[in-house]
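What follows is one structure encoded as structure tokens, with my remarks underneath.
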Amino acid sequence: MKVFVCTSCGRAVFPHRLLCPDCGSSEWREERVEHGVLEAAVEREVRVGAVRTPLGPLAITRIESDAEPGAEVSLDQDGDTPLAR
Amino acid sequence: MTGDRRAARIVAAVETPYTRHPAEGTTTETLLADAFVRVLAGAGLDRADVDGLGVASFTHTPDRAIDLAWKLGVRPRWLMDDGNGGASGIQLLQHAMRAIEAGDATTVVLLSGDHFDGDSFRTLVDNYNRTTAEVLAGIPTGGPNVLFAMLTQQQMEAHGLEREDYGRLVVAQRRWAGLNPGAVYRAPLTLEEYLASPIVAEPLHRLDCVPVVSGADALVVSAAGEGVTVRALRALHNHDGQEGDGLQTGIAEFAGGLWGDADAGPEDMDVVSVYDDYPAMALAQLADLGFVPDGDLGGFLRRRFEDEPLAVNTSGGQLSAGQAGCAGGMHGLVEVVTQLLGRAGERQVESARLAVVTGYGMVLYRYGACANAVVLEAP
Ligand SMILES: [Zn+2]
């Protein structure tokens with residue numbers, strides 16, 4: 001999945017912000033993150049989880065596996081929707 | 001009155017009967033109009049006296065406060081819309097009292113209400129804000145339950161809590177609801193029944209989630225007359241940029257200032273209202289306010305919801321009285337003002353003089369971003 005990295009100071013965010021929380025810049029580049037650590041998971045219509053990406057942001061994702069909290073998961077995207085497996 | 005911080009007072013508070021099955025023809029604006037008529041009657045005021053109007057609603061759109069002013073036939077000098085959900089009631093109060101203190105208005109009616117039918121609730125939660133529509137709705141999260149399920153899991157783990165700990169709060173609120181003819185769920189509830197309620201998203205079960213209702217709330221804030229005064233009011237929104245653990249609200253940062261302004265502390269409160277969208281968040285706000293100085297949340301729930309109960313969410317709270325969308329942000333204010341005016345009927349807290357009310361809400365991504373609180377004093 002894609003996260004947003006401030007081109008001035010390197011701060012990463014997800015979801016997108018208008019100005020960098022740290023330095024106030026409005027210039028972002030998209031960076032792909034392939035893996036993260038599942039911090040929490042819950043079953044509803046689908047499995048939903050909170051995944052800590054290596055660049056810092058915690059992303060809410062659909063989980064398409066039976067990964068349990070603590071496990072490393074791979075990250076992808078379905079349109080704008082983050083996916084973990 | 002300029003310069004007197006206590007010039008504004010709340011002289012009337014009402015709630016239309018909350019209902020899960022609204023009568024045919026009910027719309028958001030008919031609910032708001034009903035609340036308007038009732039609160040003016042309660043205050044003994046005439047429509048012509050009203051020179052300020054504030055409105056909070058999710059479903060009133062595309063209309064705004066000015067549409068309502070027109071359709072209700074009022075000519076406000078002060079006009080405000082606020083859609084900040086669970087924080088909107090205190091937000092409107094904050095602005096209205098300053099307007100009165102500054103002389104911009106003398107008699108302000110604050111209205112809050114929502115009506116949901118058909119798909120309108122799902123449409124609201126999927127399009128709650130741009131971020132939700134873009135990155136949450138497609139999962140689909142289907143609303144905030146899954147997010148607060150994860151937060152509740154974390155709070156349980158961090159504090160060694162079990163479901164029955166939250167159950168003490170839910171059962172206690174239902175006891176209050178039994179004394180409130182306006183609550184939608186009033187039947188007595190046991191801890192066993194709470195534990196057995198159907199699962200929504202582990203660890204949240206149905207009785208941990210607010211019943212969605214249609215309804216409206218209203219307050220009159222005035223420069224004259226006998227009423228409830230504001231001792232202190234503080235707010236802090238977006239305190240952590242949605243990058244914290246979500247279990248501490250902005251209240252934790254301003255609680256010291258709030259109590260300092262109020263010249264009182266948690267122990268002085270006769271009545272308490274915390275925004276109870278979920279038991280975990282009600283508990284988080286009580287902790288943020290300073291009601292749990294030793295940090296032992298489980299012990300606090302046993303002590304202050306069973307052994308020597310604190311008067312918390314005496315309407316039954318949203319968990320038992322219902323959540324009428326944005327009106328959930330005014331529900332607690334209406335209940336506490338009713339208590340402080342001595343008009344709470346069977347559930348009246350004796351000699352209620354001081355109370356604290358919190359607002360919390362607006363789930364931007366992971367949890368509520370808005371937080372405010374007010375300390376109120378009986379006339
Ligand atoms: Zn930056």
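Convention: sequence-line order gives letters A, B, ...; per-chain numbering from 1. Reckoned from all heavy atoms, side chains included, excluding hydrogens, waters and symmetry mates.
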Anything under 30° is parallel, anything over 60° is perpendicular, the rest tilted; go ahead and classify F300(B) against F305(B).
-> perpendicular
Heavy-atom count around D294(B) CG within 6.0 Å, excluding the residue itself: above 12?
-> yes
Report the option among V48(A), D80(A), V42(A), V13(A) that has the most heavy-atom pairs separated by less than 4.5 Å from atoms of chain B.
-> V42(A)
Nearest heavy-atom contact between A287(B) and V292(B) is CA-CG2, 3.9 Å
Please determine, among R47(A), E39(A), R17(A), the option with the most heavy-atom pairs under 4.5 Å with chain B.
-> R17(A)
Which atoms of Q153(B) come close to chain A, meaning under 4.5 Å heavy atom to heavy atom: side chain ones, backbone ones, both, or neither?
-> side chain
Side chain / backbone / both / neither for L147(B) at chain A, heavy atoms under 4.5 Å = side chain
Relative to chain B, which of V46(A), T81(A), I60(A), L58(A) shows the most heavy atom pairs under 4.5 Å?
-> I60(A)
Toward chain B, the part of E45(A) with a non-hydrogen atom under 4.5 Å = side chain
Under the side chain to side chain donor-acceptor pair (under 3.5 Å) criterion, do N372(B) and Q94(B) qualify, and how do the steps go?
-> CA-CA 10 Å; N372(B) 46 23; Q94(B) 177 182 23; 5.5 Å; no
Heavy-atom pair count under 4.5 Å with chain A, highest-scoring of T141(B), L136(B), V200(B), T131(B) = V200(B)
Name the region of A41(A), side chain, backbone, both or neither, that has any atom closer than 4.5 Å to a heavy atom of chain B.
-> backbone
Shortest non-hydrogen contact between W28(A) and L18(A), atoms and distance | NE1-O, 3.5 Å
In terms of heavy-atom pairs under 4.5 Å with chain B, the winner among I63(A), T61(A), D78(A) is T61(A)
Sort out for me which residue in D117(B), T123(B), D114(B) forms a side chain to side chain donor-acceptor pair (under 3.5 Å) with T59(B).
-> D114(B)
Are D245(B) and Q154(B) linked by a side-chain donor-acceptor pair shorter than 3.5 Å?
-> no
